[in-house]
Amino acid sequence: LNNLRAAYLRRGAWPKALQVQDLLVDSTPNEGTEYRQRGYLRLQMKLYREAARDLEKYLELSPNAKDREEIEKRLRSLHRWVSGMN
């Protein structure tokens with residue numbers, strides 16, 4: 001599945017890559033990095049609310065993540081963006 005996702009990403013086939021990423025999340029629901037991957041993919045697709053949920057789940061599952069500060073900063077920006085859309 002990782003190779004298939006990578007192939008779709010190289011081609012810019014975001015919806016197909018998201019379908020594969022959904023399978024990866026479903027197959028390992030306690031693996032935070034899969035949520036981070038899906039969150040970034042959803043950001044690329046401008047699915048901001050869904051991306052925020054995935055990134056929050058990533059931080060929940062990976063409390064000691066090395067990129068925690070970066071993700072928290074991105075989440076603050078996302079929350080401002082989403083609240084501005086309402």
Can you find a pair of side-chain heavy atoms, one from [X] and one from [Y], that are under 4.5 Å apart?
X	Y	value
K73	R76	yes
L41	D54	no
E72	E56	no
D67	R36	yes
S77	R80	yes
W14	L9	yes
L18	R42	yes

Report the distance from atom [atom1] of [X] to atom [atom2] of [Y], rounding to the nearest 0.5 Å.
X	Y	atom1	atom2	result
Q21	Y35	CD	OH	10.5 Å
K46	W81	NZ	CH2	9.0 Å
L1	T28	CG	OG1	9.5 Å

- Message: I'd like to know if the side chain of Y58 and the backbone of R38 have a donor-acceptor N/O pair within less than 3.5 Å.
- Response: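 Checked: no pair found.
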- Taking all non-hydrogen atoms of both residues into account, name the closest pair between R68 and S62 and its distance. NH1-O, 3.7 Å
- Query: What closest approach, in Å, do N2 and L24 show between heavy atoms, and which atom pair accounts for it?
  - Reply: OD1-CD1, 3.6 Å
- Query: Crowded around D26 CG? As in, over 12 foreign heavy atoms under 6.0 Å?
  - Reply: yes
- Heavy-atom count around E69 CD within 6.0 Å, excluding the residue itself: above 12? no
- Item | From L59, L61, L55, residue fulfilling side chain to side chain contact (heavy atoms under 4.5 Å, CB included) relative to K57 |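 Of all the options given, the one that passes is L61.
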Transitive ILVMFWY side-chain link [X] to [Y], under 4.5 Å:
X	Y	result
L47	L78	no
Y40	L75	yes
M45	Y48	no

- Query: Between R5 and E34, does at least one N-O distance fall below 4.0 Å, as a salt bridge requires?
  - Reply: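 Counted as a salt bridge, because a side-chain N and a carboxylate O are separated by less than 4.0 Å.
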